[in-house]
There are 2 protein chains.
Amino acid sequence: MELSDRKKKILRAIVDLYIRTAEPVASKTIAQMPDMDFSSATIRNEMAELTTLGYLEQPHTSAGRIPSPAGYRLYVDELMQDYRLSTDETKSINQAMELKMQEVDKVVSQVGKLVSQMTNLPAYAMAARSARLTVKRFDLILADSGSFILVVMLSDSSVKNKLIRLPVELTEADLKLLGAVLNASVTELTAEQLSPELLSRVTRSAGNAASLVPVVMEFVTSLLHQERGEVYMTGQAKLLGQPEYHDIDKAQKMLSALDEDVVSNLPAALSPDSRTQILVGPENVSKELRDTSVVMTKFDIGDGMQGLIGVVGPTRMDYAQITARLSYFAENLSRMFQKNQTPAIEGLENKHNDPEA
Amino acid sequence: MELSDRKKKILRAIVDLYIRTAEPVASKTIAQMPDMDFSSATIRNEMAELTTLGYLEQPHTSAGRIPSPAGYRLYVDELMQDYRLSTDETKSINQAMELKMQEVDKVVSQVGKLVSQMTNLPAYAMAARSARLTVKRFDLILADSGSFILVVMLSDSSVKNKLIRLPVELTEADLKLLGAVLNASVTELTAEQLSPELLSRVTRSAGNAASLVPVVMEFVTSLLHQERGEVYMTGQAKLLGQPEYHDIDKAQKMLSALDEDVVSNLPAALSPDSRTQILVGPENVSKELRDTSVVMTKFDIGDGMQGLIGVVGPTRMDYAQITARLSYFAENLSRMFQKNQTPAIEGLENKHNDPEA
DNA sequence: TCTTAGCACTCTTTATCACCGAGTGCTAAA
DNA sequence: TTTAGCACTCGGTGATAAAGAGTGCTAAGA
């Protein structure tokens, strides 16, 4: 059932106000607002109905109303007004980005910090690899005594390497053969296309270097499969400033959940189609976080890679503003990475020499 | 002035108890302890003296005593009894390590999480490179159209690489020459030994590839200089469980300080000689953290690299236990890395393709 | 001279109670 | 359908009292 325009107007006013004040909103307060041409009694009646419809809640009899999760949902979907960034804001965002992005090594963690600063909320950032990732090219360099360096260039132009010890004595020619075979058979394949059948075919063609094939292929598989890197989370303390977390117990539950659940479950919640997504309260990944919401958005890093930034805050957060800032930030990032052309993020996954290698 | 044995005994008892209960300790409570053969009145007198000497504090007239920072200092330096890990504890630590360390990519962040779990306190972890780091070997691989991959093997056996675009057309032979020059002149040198004079010498010998030398050298310099990687911090929520942070304001100040100061200032506070270090309250890096202490310890990763793990907690933390666990953990880690021989941590610094490269 | 029992004093904590004010729901009138 | 009016509910505040914990000091005892 569709709400009347007046109900919507009132609901929007209530959510707007509650977001600003964090206090239950009274009918009188609404009635006094400039373009509300009804008495408080009328508003009261409407509020009573909105309550039975499930869009508002009442902490106790003699308090005002606060939005319910359903109320927020309706608000973010239909009611809220677009927030336009002021030029001051865009300027300060741009400045901060230029300043911080110099430390290019740590783009992802820096991005997180910036977002947190900008929104005054805890933020997380991560980079995710797409399933389309393939190997573009292999190189094998004979290093000193008994080991070689495997250099793998990926389709996103990042380069990974691994030092591998030789189980048997091999000549440079053996390695060259292996390299040729790999470049012929294993390039341009996505993770899914790596079959056991392929493995045995490569092994057969690899001559003396056959014993190396499993190690190499395992490395490749791990590179292509690894879909996300480290998740960075900062600014948790910012939450404690919000009135909903003045109750220490809640604050703690909340922060623990942030540490554990959010970080591991969020990426899964990201729908493939929309860029920006808002998870309100109970729609959230963890039940602990009933009064916590998440706003997240994607940005492009380069071929085959995407980044994810998001903030976590009380359900009563300024969705319009936060969403606007986050999107602006993401657009800027995408542009930066596009301009740099060579994909700037690399080493998001740390390469590694396994003990058994 | 040296304290009498009895004063020390009483002080120790008070600190021990306060660490357990977080409540001011009363004379009567001490007097009732098994091997205290004095009346509460006697204890009271001693406590009064310990207070004037600055080892104890009194929240208000009719409360018991709590240790002052000086009291804690004395306690950790002289009074506290070694905590011996039970076999249960060592077993569970070992298990956790085996389990978690499989995700070898993320050793450092995993280490942090583990330490936090083990101590039930916020923990941080980072890896630091020593100044002794040198380049062991260069390789240059001509990649596709107009770019090549620079592969650098460092003295800690980690391998770094960078994709560099060619400003001019170069042949494989040109690159080979450059590689030979680099391997002859720039290997085995620490960051300090890289001089401008060296740069020009290399440039002169590099033939057609001379224009590449600055880019290459800049990369090398950045690798050798970069003394520490990302600092990982987890488990902040654990602090909120501690009674000293039931005051939200304090909690927030504390957590903000953790985000900013600790992470950036801690490494500086690490003395080169001792392995484990305890910073009590005001000795701390940030003034905000008067009632917060830090315990940190180092572990060896491999030639030229060290790791740092630490926990942050209320001044009233169980130093003996925490120190014991941390040390055990660090020893285990050192052993792990030693066994693996090829240094397992790599990619702590993310390699990167600069836009201008 | 050192120890200890006893007691007055201080200060915090907790409970109780009354009161105020904010806000609602309902009724009746416009 | 809207609105004015009013009774009712309930949380918040502040004052007061009572209880409890612990100390410091004094004076007696070893």
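Chain letters run A, B, ... following the sequence lines, proteins first, then strands; residues in each count from 1.
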Using atom names, set out every protein N or O paired with an N or O of nucleotides 23-25 of chain C below 3.5 Å, distance rounded to 0.1 Å.
residue	atom	partner	partner atom	Å
C:dG23	O4'	A:Ser62	O	3.4
C:dG23	O3'	A:Ala63	O	3.4
C:dT24	OP1	A:Ser27	N	3.3
C:dT24	OP2	A:Ser27	N	3.4
C:dT24	OP2	A:Ser27	OG	2.7
C:dT24	O3'	A:Gln58	NE2	3.4
C:dG25	OP1	A:Arg65	NH2	3.1
C:dG25	N7	A:Arg44	NE	3.1
C:dG25	O6	A:Arg44	NH2	3.3

- Query: Under 4.0 Å: is that the gap between some side-chain N or O of A:Arg6 and OP1 or OP2 of D:dT2?
  - Reply: yes

- Check ion pair B:Asp16-B:Arg12 (N to O, under 4.0 angstrom): no

- Name of the residue among A:Lys8, A:Arg65, A:Lys7, A:Lys9 meeting salt bridge (charged side-chain N to carboxylate O under 4.0 Å, His left out) with A:Glu46: A:Lys7

- Message: Salt bridge check, A:Arg20 against A:Asp318: does any charged N sit closer than 4.0 Å to a carboxylate O?
- Response: no

- Can you tell me how far P of D:dC25 sits from CD of B:Glu46, to the nearest Å? 15 Å

- Can a salt bridge be assigned to the pair A:Asp291 and A:Lys250 using a cut-off of 4.0 Å between side-chain N and carboxylate O? yes

- Rounded to 10 degrees, the angle between the two terminal axes of the helix from C:dT1-D:dA30 to C:dA30-D:dT1, each from five pairs: 20°

- Item | Nucleotide C:dC26, atom P - distance to CD of A:Glu49 in whole Å | 12 Å

- Side chains of B:Tyr319 and B:Ser293: donor-acceptor distance under 3.5 Å anywhere? yes

- Task: Mind telling me whether B:Tyr18 and B:Tyr72 have parallel, tilted or perpendicular rings, with 30° and 60° as the class edges?
- Result: tilted

- Item | For atom CE of A:Met36 and atom P of D:dT3, their distance in whole Å | 13 Å

- Using only side-chain N and O atoms of A:Thr42, determine if any of them is under 4.0 Å from OP1 or OP2 of D:dT2. no

- Rounded to the nearest angstrom, tell me the gap between atom CD in B:Glu23 and atom C1' in D:dG22. 13 Å

- Message: I need the CD-C1' distance between A:Gln32 and C:dA22, as an integer number of Å.
- Response: 13 Å

- Query: Can you name the one residue among A:Leu74, A:Asn45, A:Leu11 that meets side-chain contact (heavy atoms from CB on, under 4.5 Å) with A:Leu50?
  - Reply: A:Leu11

- Does a sphere of radius 6.0 Å around NZ in A:Lys28 hold more than 12 heavy atoms from other residues, nucleotides or ligands, not counting ones at 6.0 Å or beyond? no

